[in-house]
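Down below is the structure, laid out as C-alpha cells.
One-based numbering, in listed order, for ligands and for the atoms of each.
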Amino acid sequence: MKLEGQVALITGAGRAGKGIGRAIALRLAGEGAKIVIVDYVAEAAEAVAKEVEQMGGEALALQANVADASDVERMVQAAVDRFSKIDILINNAGITRDNLLVRMSEAEWDAVLDTNLKGVFNCTKAVAKLMMRQRTGKIVNMSSVMGIVGNVGQANYSASKGGVIAFTKSVAKELGSRGINVNAVAPGFIQTAMTEEMPEDARKGIEDRIPLRRLGTPEDVAEVVLFLCSDASSYITGQVIAVDGGLAM
Ligand code: NAD
C-alpha cells in the first residue's frame, strides 16, 4: 500500500454520486490512507465516509465551507483532533456559475472566485502550517484545462482555475525547502453529474474534439492524484498535469 499510515484531507469529496473528490477519497483509502472528507453538504460527506469504512478504511466526515477562513480553521483542528496530523491536502471543492461576460453578475463572479480560488488559499494556508512543522507534505490543487485555454461562458471559472495554477507554482516555490510538494491537476471533460446532463449531440461534439475520443472518468483523475501523493512523484513540484485525453495540447 502506497499511503499506509498517512492522513489525507480532501475538500469537496462528499458527492455520493460520481464526483472527482469521492473517487480520490476511495482511491487514496484503497492505498491505506486515513481520509478526512470535507464538504459543504454534511450528508454528502457522511455518505462517502461510510463508503470508505465499508472498504475497511478509516474516515472522518466534516461539514465546512472552504470559502470561509474560520470554518477552515475549525475543520483543520477537527481533523488534527482525530488523526493528529495531515500528510496530504487535496483542494478539490469547486463550483461553476456559467454566464457570458456581459450577463455575468457580480454574485456569479464572487461565488466562483470565493470557492475555487480563495478556498484553495484558505485550506492551503491552514494545512501548510502543520506540514511545515512536520517538514513533509503533499498538496494537490484541482485546476481545469479551462484555466489554461479559457472557455466561452466561463470567464469566472477559467480565471479561478488559472489562478489556482499560478497559486500552485508560487506556493511550490515557498514550501519546497520544507519538504512539501505542491502540484495541480487540470482535468478536461470528466463524466460527472455536470456532464451527464449534457444533450447527446453536445457530448458527441466534445468527444470528437478529444484526441482519445472519450470523456474522462473520475477514476482517471484519481489515479494521477494518487501518483502526486505518493513517493513516486517525490521530485515533482509546481507542475500542472492535464488529465484531458489530449484536449488542451
Ligand atoms: P461536484 O460538483 O461533483 O463536486 C464538488 C463538491 O464540492 C460537491 O460535493 C460540493 O458540495 C462541494 N463544494 C462546493 N462548494 C464548496 C465549498 N464552498 N466548501 C466545501 N465544499 C464545497 O464537482 P466535480 O465535477 O467532481 O469537480 C471536482 C473538482 O474538479 C472541481 O474543482 C472542478 O472545478 C474540477 N473539475 C471538474 C471537471 C469536470 O468535468 N467535472 C473538469 C475540470 C475540473
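Here the side chains of Asn116 and Tyr157 are in contact, with some heavy-atom distance below 4.5 Å. Side-chain contact between Met146 and Lys161 is absent, with no heavy-atom pair separated by less than 4.5 Å. A 4.5 Å side-chain heavy-atom check between Val7 and Leu9 finds every atom pair outside the cut-off.
Within a 6.0 Å radius of CZ in Phe121, other residues, nucleotides and ligands contribute 12 heavy atoms or fewer.
Judged purely by distance below 3.5 Å, without hydrogens or angles, the side chains of Ser234 and Asp231 never pair a donor atom with an acceptor atom. Judged purely by distance below 3.5 Å, without hydrogens or angles, the side chains of Asn99 and Ser105 never pair a donor atom with an acceptor atom.
If you number the atoms of ligand 1 from 1 as listed, the ones under 4.0 Å from a heavy atom of Asn92 come out as 28 (C), 29 (C), 30 (O), 31 (C), 32 (O). Less than 4.0 angstrom separates some heavy atom of Ile95 from each of these atoms of ligand 1: 14 (C), 15 (N). Distances below 4.0 Å separate heavy atoms of Tyr157 from the following atoms of ligand 1: 33 (C), 34 (O), 35 (C), 36 (N), 43 (C), 44 (C). When each atom of ligand 1 is checked for a heavy atom of Asn65 under 4.0 Å away, the hits are 17 (C), 18 (N), 19 (N). When each atom of ligand 1 is checked for a heavy atom of Ser144 under 4.0 Å away, the hits are 43 (C), 44 (C).
In the candidate list Ile90, Ile20, Asp39, Asp39 is nearest to atom 11 (O) of ligand 1, counting heavy atoms. Taking only non-hydrogen atoms, the option from Met75, Lys118, Arg15, Arg22 nearest to atom 3 (O) of ligand 1 is Arg15. The heavy atom nearest to atom 30 (O) of ligand 1, out of those in Met146, Glu196, Met142, is found in Met142. The closest heavy-atom contact to atom 40 (O) of ligand 1, among the options Thr96, Ile37, Ile190, comes from Ile190.
Listed for the Gln63 side chain is a donor-acceptor partner under 3.5 Å among the backbone atoms of Tyr40.
Residue Thr115 touches ligand 1 through its side chain alone, judged by heavy-atom distances below 4.0 Å. Using a 4.0 Å cut-off between heavy atoms, Val66 contacts ligand 1 through both its backbone and its side chain. Here Ala186 has no heavy atoms under 4.0 Å from ligand 1, in either its backbone or its side chain. Contact annotation for Ala64 and ligand 1: only backbone heavy atoms (N, CA, C, O) come within less than 4.0 Å of the ligand.
Salt bridge status for Lys204 with Glu200: absent, with no side-chain N to carboxylate O gap under 4.0 Å. Ion pairing of Glu219 with Arg27 is absent here, as no side-chain N (NZ or NE/NH1/NH2) approaches a carboxylate O to less than 4.0 Å.
No N or O atom of Ser143 sits closer than 3.5 Å to an N or O atom of ligand 1. Residue-to-ligand polar distances keep Gly19 apart from ligand 1: every N/O pair is separated by 3.5 Å or more. Taking distance alone, with nitrogen or oxygen atoms compared against 3.5 Å, Lys161 approaches ligand 1 more closely than that limit. Residue-to-ligand polar distances keep Gly21 apart from ligand 1: every N/O pair is separated by 3.5 Å or more. Considering backbone and side-chain N/O of Asn116, none are found under 3.5 Å from N/O of ligand 1.
A single hydrophobic cluster is not seen to contain both Val41 and Ile20; linkage of ILVMFWY side chains at heavy-atom distances under 4.5 Å, directly or through other members, places them apart. Under the 4.5 Å side-chain heavy-atom criterion for Ile, Leu, Val, Met, Phe, Trp and Tyr, Met142 and Ile236 are members of the same hydrophobic cluster.
Residue-ligand proximity: Ala13 is placed with every non-hydrogen atom at 4.0 Å or more from ligand 1.
When each of Ile210, Ile190, Thr192 is checked for a side-chain contact (heavy atoms from CB on, under 4.5 Å) with Leu215, only Ile210 meets the rule.
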